[in-house]
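Numbers here simply count residues along the sequence, with the first being 1. Just follow the structure's listing: the first ligand is 1, and inside any ligand the first atom is 1. Values in this document were obtained by computation on a predicted structure and should not be read as measured data. All heavy atoms count here, side chains included; hydrogens, waters and symmetry mates do not.
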Amino acid sequence: MIGKHYVLTGGTSGLGQSILQSLLHKSVYVTVLARNPEKLNYIKAQYDTNHLTIIKCDLQSQAQILDLDMHFKHTKIDGFIYSSGLGYFKSIENHTVTEMQETYNLNVVHFNILLKVLQPYLSKNPSIVGIGSQSAFLTQGYAAHYGGSKAALNQVLNALRIEKPNYHVMTVNTGPIATPFHDKADPTLKFAQKYKKMMLNPDVLADQIINSIINKKIELNEPKWMHIMLKFYQLLPRFIEKNFVSLFKNKA
Ligand SMILES: NC(=O)c1ccc[n+]([C@@H]2O[C@H](COP(=O)([O-])OP(=O)(O)OC[C@H]3O[C@@H](n4cnc5c(N)ncnc54)[C@H](OP(=O)(O)O)[C@@H]3O)[C@@H](O)[C@H]2O)c1
C-alpha cells in the first residue's frame, strides 16, 4: 500500500483512529474527513505530515459533503474507508426524530453521497471499505435503527461489488469493539460493561482490515464465532426470536 492515496472517515476516534495509524505506518497518503480536525493534532506531531491531509467536514451535512468535490480535483484516490458511524441503544419509540435521521444519514445515506462525490477521482481498481456491524444480520431490539442502517449499508456495498467489478469492495462486520462509540450509544454504559470482556481491540482489528485490503478480501467478519452463530440464527430467525427473546434485548 506504500504511496497509495486513501480517503478515510472516522479517523478521529476508535477503529478509524487505529486504521489511520496503520495506514500511516504503511506510508500511505491519507486524506481524513473530520468534523473535529483538532483531534488529529497529536497524529500530526507523530507522523510525516506530508502523508496526512485533513479536511474539515461534518458528515451529517449533505452540503458540506457535496462541497468536497473541489478538494479532490486533480487527485487520484486508490481507496476509500468509511469508518464513521453512530447508533443509539434505545427503543424505537424513544428515538427522537433527529436521532433517527442522524443514524441513517451518517451510517448509510451520506456514505452514498460521499461515494458519488469521490467516484470521478477513483483510480482504475480502487478499494472501497465500509465498516458495518454484525448487527446487520440479526433483529435488534433497542437498537433497531442502528441495525437497520448497517443492514442497508451491507446491501449497498454488495450491490456496488456487482455493479463495479473493477472495484475491490469489502464489508467489515464486527461485534462490539472497545471504542468511545459506546459512550454515545448508551451513556449508562450498561451494554459496554456487560460485554467488556468480549470487546474487540481496535488496533488488532485495524491491522486485520489493512491485511484484508491487501489480500482483496470481500468480507471481514469478527469475531468469527459470532458470525457462525448468526448463520444458524438465520435458518429459523422468527422461531429463535420467540423462544430466546432475552438474546434480542441485550441492548435494553
Ligand atoms: N464500537 C463498536 O462496538 C462497534 C461495533 C460494530 C460496528 N461499529 C462500527 O465501527 C465504526 C467505527 O466506530 P467506532 O467504534 O470507532 O466509534 P467512535 O469511536 O465513536 O468513532 C466514530 C467516528 O465517527 C466520526 N463521526 C461521527 N459523526 C460524524 C460527523 N457528523 N462528521 C464526521 N465524522 C463523524 C467521529 O468523529 P468525532 O471524533 O468528531 O466524534 C469518530 O471519528 C462505526 O461505523 C460503527 O458503527 C462499532
Side-chain angles (χ1 to χ4, degrees), residues 7-22 30-43 54-65 67-68 80-89 98-99 101-111 113-114 129-138 140 143 145-154 156-157 170-187 189-206 208-209 220-223 226-227 230 250-251:
V7 174
L8 171 70
T9 72
T12 49
S13 175
L15 179 61
Q17 188 177 57
S18 299
I19 293 173
L20 174 59
Q21 293 190 347
S22 278
V30 191
T31 300
V32 181
L33 308 179
R35 62 176 166 178
N36 294 309
E38 68 287 350
K39 281 191 167 181
L40 293 169
N41 286 347
Y42 80 100
I43 291 251
I54 302 163
I55 300 174
K56 190 172 164 70
C57 179
D58 181 350
L59 294 168
Q60 291 289 358
S61 160
Q62 187 179 318
Q64 288 187 33
I65 297 171
D67 273 353
L68 289 171
F80 168 37
I81 305 177
Y82 195 83
S83 187
S84 43
L86 63 75
Y88 295 99
F89 294 172
T98 306
E99 287 168 343
Q101 286 170 332
E102 277 183 1
T103 306
Y104 289 103
N105 281 343
L106 185 66
N107 293 359
V108 63
V109 179
H110 289 181
F111 161 79
I113 297 175
L114 180 53
V129 180
I131 309 299
S133 166
Q134 291 290 340
S135 68
F137 307 122
L138 85 160
Q140 287 273 286
H145 296 303
Y146 180 64
S149 65
K150 292 295 185 180
L153 179 68
N154 242 271
V156 168
L157 289 166
M170 182 169 87
T171 318
V172 178
N173 295 304
T174 103
I177 321 167
T179 70
F181 172 92
H182 298 280
D183 305 351
K184 189 163 185 184
D186 169 21
L189 291 180
K190 251 176 25 196
F191 178 86
Q193 292 297 343
K194 200 165 155 193
Y195 292 95
K196 202 168 149 188
K197 286 213 173 91
M198 60 169 270
M199 290 227 183
L200 299 166
N201 177 320
D203 293 332
V204 174
L205 189 57
Q208 285 175 300
I209 292 170
L220 178 63
N221 293 295
E222 290 293 338
M226 188 181 280
H227 192 62
L230 290 174
N250 65 359
K251 293 191 168 93

Pick one of side chain, backbone, both or neither for how [X] approaches ligand 1, counting any non-hydrogen atom pair under 4.0 Å.
{"X": "Tyr146", "value": "side chain"}
{"X": "Lys39", "value": "side chain"}
{"X": "Leu106", "value": "side chain"}
{"X": "Ala178", "value": "neither"}
{"X": "Lys150", "value": "side chain"}

I need the nearest protein heavy-atom contact for [atom]: residue, atom name and distance, please.
{"atom": "atom 14 (P) of ligand 1", "result": "Thr179 OG1, 3.5 Å"}
{"atom": "atom 40 (O) of ligand 1", "result": "Asn36 ND2, 2.7 Å"}
{"atom": "atom 11 (C) of ligand 1", "result": "Ser83 O, 3.1 Å"}
{"atom": "atom 27 (C) of ligand 1", "result": "Arg35 NH2, 3.4 Å"}

Ring geometry between Phe111 and Tyr82 (parallel below 30°, tilted from 30 to 60°, perpendicular above 60°):
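Ring orientation, 0 to 90° scale: perpendicular.
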Does [X] come within less than 4.0 angstrom of ligand 1, counting non-hydrogen atoms of the residue?
{"X": "Glu102", "answer": "no"}
{"X": "Ser61", "answer": "no"}
{"X": "Thr9", "answer": "no"}
{"X": "Gly175", "answer": "yes"}

Partners passing salt bridge (charged side-chain N to carboxylate O under 4.0 Å, His left out) against Glu102 (at least two apart in sequence or in another chain)
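If we apply the salt bridge (charged side-chain N to carboxylate O under 4.0 Å, His left out) test to Glu102, skipping adjacent residues, there are no hits.
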[X] heavy atoms, cut-off 4.0 Å: which ligand 1 atoms fall inside?
{"X": "Ser133", "result": "6 (C), 7 (C)"}
{"X": "Asp58", "result": "30 (C), 31 (N), 32 (N)"}
{"X": "Thr174", "result": "5 (C), 6 (C), 7 (C)"}

Identified side-chain hydrogen bond (donor to acceptor under 3.5 Å, both in side chains) partner of Glu222 from the options Gln134, His227, Gln208:
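Exactly one option meets the side-chain hydrogen bond (donor to acceptor under 3.5 Å, both in side chains) with Glu222, and it is Gln208.
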Can you give me the closest heavy-atom contact between Phe181 and Gly87, atom names plus distance?
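Residues Phe181 and Gly87, closest heavy atoms: CE1-N, 3.8 Å.
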